[in-house]
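Just so you know, ligand 1 is whichever comes first in the structure, and atom 1 is the first atom listed for that ligand. Just so you know, these numbers use all the heavy atoms, side chains as well, and skip hydrogens, waters and symmetry mates. For the single chain, residues carry numbers from 1 onward in sequence order.
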Amino acid sequence: METAPDNTVTAIAAAVRAGERRAIDVLEEHLAAIDAREPEIHAFNLVLADEARAAAAAIDEAVAAGRDPGPLAGVPIALKDNLCTRGIDTTCSSRILEGWKPPYDATVVQRLAAAGAVTVGKTNLDEFAMGSSTENSAFGPTRNPHDTTRVPGGSSGGSAAAVAAGFAAASLGSDTGGSIRQPAALCGVVGVKPTYGRVSRLGLVAFASSLDQIGPFTRTVADAAVIMEAIGGHDAGDSTSIPEPAPVLTTVLNDEVAGLRVGRITDLPTGADPDVVARLDAAFDALAAAGATIVDVTVPAFTYGLTAYYLIAPSEASSNLARYDGVRYGKRVAAPDTNAMYMATRSAGFGDEVKRRIMLGTYALSAGYYDAYYGKALKVRQLIADDFARAYADADVLLTPASPSVAFHIGDKTADPLAMYLCDTYTIPSNLSGDPAMSVPFGTGADDLPVGVQILAPALGEAVMFKVAAELERAATAEGSTS
Ligand code: GLN
């Protein structure tokens, strides 16, 4: 019997570079998977089959001519639809951007192409990346490949589902408050939020600029390392880009964790389901068994992260989204005068959650409330960064749940915005501090659904974070093969 080919990023690139598999064959396999299941999953806003076939053919020609297409040779990749792609619709799953085609590629899109990757499509998201379930998309929800009655998480739900369903070997998402790590956890894939400034934001449609980061979804930790090496590193086009080369991660994955100090946050906010907590405990045990030392730390301000975030992120969003005025981008609704046109366009173009954030942010920034709300939230942000810095004096990494629960049912939280916001309790603090964090699949919880463990590290600590992630992946695989 023929065994299924290994469709990890690492295996595809190695085989294509060696001339053992053709990029076009790899692509056709993925397009067939899309044909089979995309109608029920709805991971994509747009599948770029023709463009992908042309890109794959060019990769195969390069290999035939003896040229090396790069470390991502022939790897099918999906892009969250808030990443600019030149001449190709970029909707942010919003009606307001209908028909808009960016005049340039995001830096990450350029870097993936330069490394030989093949873009298969643009993935669905919560409108402007505001949400935790992908139900806020103007184009309808994405469904979780593990159980299609459930959400894939959000806001990068389409990117997470695309990788979990085998539509792409990897995808990119954006993470402002957890939008890579939470859907990664719910879909059983690896999701990385790099250090703020590690990956260029040039060409990522802004939600909350001081928090937004781009990162990968993959099925293995090694794959995430390869993607990070390709997309990371300084970009003069993003003024917040850190002037450092891309992190070197693929070489640390087999390093021992013996001697590392892994922090357990003793004052972590409660609210995680028992099945999730059980998996977190098992992760601590696995790292201890591998020789790491588990240490107790406190991060007192962690618990205020959610409150601070829901003032800071909407404030920045209210400013960033002011540009959608019916003049410069996408949709315009005709009206008798300019002000009426603005109002009609924005009323028709934005969905409820986006309007809620714009109103929240405008209120928090208004004269008289600025100091009480926005100013206070900034102080809390600093407290969180200080608390993390103190914790990292005693611990090399910290472990928490990525999401408080496994994937919930579609419709469960749509009537209660606060319930939806609580999905981000454990992910938000590292956006506020700017530190890296990632979610690694670590077994299953309720209803046999995937659980993700979150690894947090200090700024520019991606290497130690990946080392721990690789160890957890090995432990999960060993556990899976004996159970
Ligand atoms: N779910 C959070 C929000 O709705 C985070 C979103 C994100 O990270 N883009 O704001």
Side-chain angles (χ1 to χ4, degrees), residues 79-83 92-94 123-137 141-142 151-160 171-187 191-194 196 199 201 204-217 271 305-318 320-321 350-361 364 377 381 402-405 407-408 412-414 416-439 452 454:
L79 303 171
K80 188 174 183 179
D81 202 14
N82 60 355
L83 292 165
C92 295
S93 291
S94 180
T123 59
N124 196 18
L125 61 148
D126 286 298
E127 185 175 5
F128 283 102
M130 297 174 190
S132 302
S133 68
T134 320
E135 291 166 293
N136 294 336
S137 166
T142 297
V151 303
S155 66
S156 317
S159 288
S171 61
L172 294 186
S174 63
D175 190 312
T176 304
S179 280
I180 293 174
R181 292 160 285 161
Q182 184 256 13
L186 270 45
C187 288
V192 182
K193 182 202 89 77
Y196 183 80
V199 176
R201 288 182 298 112
L204 167 65
V205 178
F207 162 13
S209 312
S210 79
L211 303 161
D212 300 339
Q213 261 298 282
I214 297 167
F217 290 92
L306 194 78
T307 320
Y309 172 89
Y310 276 99
L311 288 164
I312 294 169
S315 293
E316 293 188 25
S318 71
N320 275 327
L321 272 59
F350 289 135
D352 287 349
E353 185 60 27
V354 174
K355 287 176 184 162
R356 187 176 296 124
R357 305 285 177 109
I358 291 172
M359 286 190 282
L360 254 170
R381 183 177 192 170
S403 157
S405 73
F408 46 93
D412 262 8
K413 298 187 200 273
T414 39
D416 182 358
L418 205 57
M420 195 70 89
Y421 298 171
L422 283 166
C423 295
D424 307 317
T425 305
Y426 301 114
T427 47
I428 277 172
S430 39
N431 295 87
L432 291 168
S433 67
D435 298 339
M438 68 192 282
S439 178
Q454 182 177 225

Discussion item. Test your reading of the model: is there a side-chain donor-acceptor pair from Asp126 to the backbone of Ala129, 3.5 Å cut-off?
Written reply: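 No, Asp126 side chain to Ala129 backbone: no donor-acceptor pair under 3.5 Å.
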If the contact criterion is a heavy-atom separation under 4.0 Å, does [X] count as touching ligand 1?
X	answer
Ser132	yes
Gln182	no
Tyr309	yes

Do [X] and ligand 1 have an N or O pair less than 3.5 Å apart?
X	answer
Phe207	no
Ser179	yes
Arg357	yes
Gly131	yes
Asp175	no
Gly154	no

Item to complete: Check the angle between the aromatic planes of Phe207 and Tyr309 and answer parallel, tilted or perpendicular using the 30° and 60° thresholds.
Response: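 Answer is perpendicular, since the angle exceeds 60°.
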Discussion item. Applying the side-chain hydrogen bond (donor to acceptor under 3.5 Å, both in side chains) criterion to Lys80, which one of Ser93, Ser174, Ser171 satisfies it?
Written reply: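 Of the listed residues Ser93, Ser174, Ser171, the side-chain hydrogen bond (donor to acceptor under 3.5 Å, both in side chains) partner of Lys80 is Ser174.
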